[in-house]
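Order of the sequence lines sets the chain letters (A, B, ...), proteins ahead of strands, with each chain counted from 1.
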Number of protein chains: 2
Amino acid sequence: MIKKDSKEKILEIASRLFQLQGYHATGLNQIIKESGLPKGSLYHHFPNGKEELAIEAVKYTSLYIEEKIISFFENESDPIAAMQSFIIDTANQFRKPEDIKGIPIGLLACETALINEPLRLACMNAFHNWEQLIVNKFKEAGYKQELAEKAGILFNSLTGGGIMQSITNKDPRPLIAIAEAIPLLFSKKG
Amino acid sequence: MIKKDSKEKILEIASRLFQLQGYHATGLNQIIKESGLPKGSLYHHFPNGKEELAIEAVKYTSLYIEEKIISFFENESDPIAAMQSFIIDTANQFRKPEDIKGIPIGLLACETALINEPLRLACMNAFHNWEQLIVNKFKEAGYKQELAEKAGILFNSLTGGGIMQSITNKDPRPLIAIAEAIPLLFSKKG
DNA sequence: GTCTATAGGCAGATAGAC
DNA sequence: GTCTATCTGCCTATAGAC
């Protein structure tokens with residue numbers, strides 16, 4: 001079996017391009033060109049075309065980020081320190097232009113929130129999954145339910161907004177400022 | 001003179017559509033169709049086409065937000081309370097779907113940061129102008145230079161991320177959570 | 001300055017051989 | 001399942017009459 005898995009290959013490339021360029025700026029032709037696969041293969045694996053591919057790509061990206069969050073939580077018992085490490089790691093890609101990975105889900109979410117309901121729901125679901133990881137981490141560390149939920153809600157806004165600023169300015173400092181502000185927001189246990 | 005100002009009319013419509021749908025999902029045909037003007041008029045006022053129109057639309061939107069920030073600052077001397085009022089006002093549009101105005105600059109910024117340098121610079125400039133308004137407001141209220149600058153940097157990340165979450169979830173609560181968190185971040189004078 | 005018609009290219013999608 | 005050829009339609013942009 002020479003080809004590893006053409007479907008996963010398409011998903012990986014689509015996921016990367018959607019993060020870098022967004023949904024509407026990324027063409028199927030670019031995706032199949034980079035994959036080396038024929039267009040028929042794409043439509044075989046994703047019969048409903050671009051929208052279905054994008055929904056699967058959002059799930060693919062979402063899982064990747066979930067695993068990244070989990071790995072940071074495994075290495076650090078304090079939820080505040082873990083969240084800070086995650087954000088600093090995210091910030092570091094903006095030190096060199098060639099390291100920039102794009103915007104995981106936020107760009108697709110903003111692009112489609114008002115004009116493509118299936119994609120909006122896929123993005124909302126991804127955000128929700130990340131939020132739950134944060135909530136559970138804070139609860140396990142002994143935080144009150146209310147404060148844990150607040151941390152979950154704020155996590156997505158803080159990282160999403162920080163990435164938006166860091167990518168526009170090509171500067172890691174906005175995300176670093178967010179990381180430094182985290183302890184001020186969640187300092188009280190309950 | 002029956003037509004008020006066809007250039008401003010195009011700018012207003014383009015600004016609204018770019019905020020709602022983004023740069024790549026908004027066609028010039030849609031803009032001229034909504035304006036009722038012929039396509040030749042658009043290219044007369046913006047000879048360099050879509051990119052030039054988008055840059056001018058970003059400036060147009062930027063000025064509108066600047067004026068909004070200034071008006072909130074005029075009505076409230078405490079910078080923290082003023083910032084909270086501004087964010088709550090931004091959140092309120094997400095109570096009813098028909099009130100949603102879109103994402104002022106952030107969507108275009110995310111879409112173009114890595115693939116269209118002139119537009120990226122236009123967005124960066126808009127963010128910078130807003131940031132300066134915040135910095136000045138905090139300094140005038142007696143905050144230390146360092147804390148005022150921190151407030152400026154965080155303002156764009158917080159509002160941008162909050163809008164991203166509120167629009168994706170069609171729920172004002174993420175932005176409200178941001179507004180409630182503001183005092184924790186900037187409570188110390190110096 | 002205003003307006004129409006159209007060029008030229010690329011998008012997403014499909015048909016059908018193998 | 002793999003791959004090629006092609007369709008249809010929309011996009012940005014332009015030419016040129018008025």
Side-chain angles (χ1 to χ4, degrees), chain A residues 1-58 107-108 111-112 114-120 122, chain B residues 1-58 107-108 111-112 114-120 122:
Chain A
M1 199 201 282
I2 295 175
K3 56 169 174 29
K4 287 301 172 59
D5 190 328
S6 62
K7 186 172 182 178
E8 173 138 2
K9 189 172 186 179
I10 292 171
L11 272 178
E12 189 212 316
I13 291 169
S15 168
R16 180 169 53 79
L17 291 175
F18 286 147
Q19 290 177 58
L20 290 168
Q21 309 175 333
Y23 180 71
H24 296 103
T26 301
L28 298 184
N29 291 327
Q30 186 183 9
I31 293 169
I32 60 122
K33 189 177 178 184
E34 289 204 17
S35 74
L37 295 162
K39 188 173 281 193
S41 178
L42 190 154
Y43 276 93
H44 170 71
H45 293 296
F46 306 95
N48 287 51
K50 190 180 187 181
E51 186 179 280
E52 180 183 357
L53 170 59
I55 290 172
E56 295 303 315
V58 166
L107 171 50
L108 251 80
E111 274 187 289
T112 63
L114 301 178
I115 57 180
N116 186 316
E117 189 66 4
L119 269 171
R120 186 200 134 236
Chain B
M1 200 199 286
I2 295 176
K3 56 170 174 34
K4 288 300 172 60
D5 188 327
S6 62
K7 185 172 182 177
E8 174 138 0
K9 189 172 187 179
I10 292 171
L11 272 178
E12 187 211 318
I13 291 169
S15 168
R16 181 169 52 81
L17 291 175
F18 286 147
Q19 290 178 58
L20 290 168
Q21 308 176 335
Y23 180 70
H24 297 102
T26 302
L28 298 185
N29 290 329
Q30 186 183 8
I31 293 169
I32 59 121
K33 190 178 177 185
E34 289 202 17
S35 74
L37 295 162
K39 188 171 282 194
S41 177
L42 191 154
Y43 276 93
H44 169 70
H45 292 296
F46 306 95
N48 287 44
K50 189 181 187 180
E51 186 179 281
E52 180 183 356
L53 170 58
I55 291 171
E56 295 303 316
V58 165
L107 170 50
L108 251 80
E111 274 187 290
T112 63
L114 302 179
I115 56 180
N116 186 316
E117 190 66 4
L119 270 171
R120 186 199 135 236

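- When the C1' atom of C/dG12 is taken as reference, atom NE2 of A/H44 falls 19 Å away, rounded to whole Å.
- Whole-Å rounding puts the A/L42 CG to C/dT14 P distance at 12 Å.
- Regarding A/N116, its CG atom lies at a distance of 14 Å from the C1' atom of C/dG12, rounded to whole Å.
- No side-chain heavy atom of A/Y43 sits less than 4.5 Å from a side-chain heavy atom of A/E52.
- Between the side chain of B/E111 and the backbone N or O of B/H24 there is at least one donor-acceptor pair closer than 3.5 Å.
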What's touching nucleotides 13-15 of chain D from the protein side, N or O pairs under 3.5 Å?
{"residue": "D/dA13", "atom": "OP2", "partner": "B/Y43", "partner atom": "OH", "Å": "2.9"}
{"residue": "D/dA13", "atom": "OP2", "partner": "B/K50", "partner atom": "N", "Å": "3.0"}
{"residue": "D/dA13", "atom": "O5'", "partner": "B/Y43", "partner atom": "OH", "Å": "3.3"}
{"residue": "D/dA13", "atom": "N6", "partner": "B/K39", "partner atom": "NZ", "Å": "3.2"}

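- Residues B/E34 and B/R16 form a side-chain contact, since some pair of their non-hydrogen atoms from C-beta on lies under 4.5 Å apart.
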query: Can A/I31 and A/I10 be said to form a side chain to side chain contact (heavy atoms under 4.5 Å, CB included), step by step?
result: CA-CA 7 Å; A/I31 293 169; A/I10 292 171; 4.2 Å; yes
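- Between the P atom of D/dC10 and the CD1 atom of B/I32 lies a distance of 14 Å, rounded to the nearest Å.
- Here the P atom of nucleotide C/dG1 and the NE2 atom of B/H45 are 7 Å apart, to the nearest Å.
- Separating the CG atom of A/L37 from the P atom of D/dT4 is a distance of 11 Å, rounded to the nearest angstrom.
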task: Decide yes or no on side chain to side chain contact (heavy atoms under 4.5 Å, CB included) for B/N29 and B/K39, but give the supporting numbers first.
output: CA-CA 8 Å; B/N29 290 329; B/K39 188 171 282 194; 2.6 Å; yes
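- Formation of a donor-acceptor pair under 3.5 Å by the B/K50 side chain with backbone atoms of B/T26 is found in this model.
- The main-chain N or O of B/E8 is never found under 3.5 Å from a side-chain atom of B/E12 such that the two would form a donor-acceptor pair.
- The NZ-C1' distance, from B/K33 to D/dT12, rounds to 17 Å in whole Å.
- Near DNA chain C, meaning a heavy atom under 4.0 Å from it, residues 10-27 of chain A has A/T26, A/G27 in order of number.
- A donor-acceptor pair under 3.5 Å is formed between the side chain of B/Q19 and the backbone N or O of B/S15.
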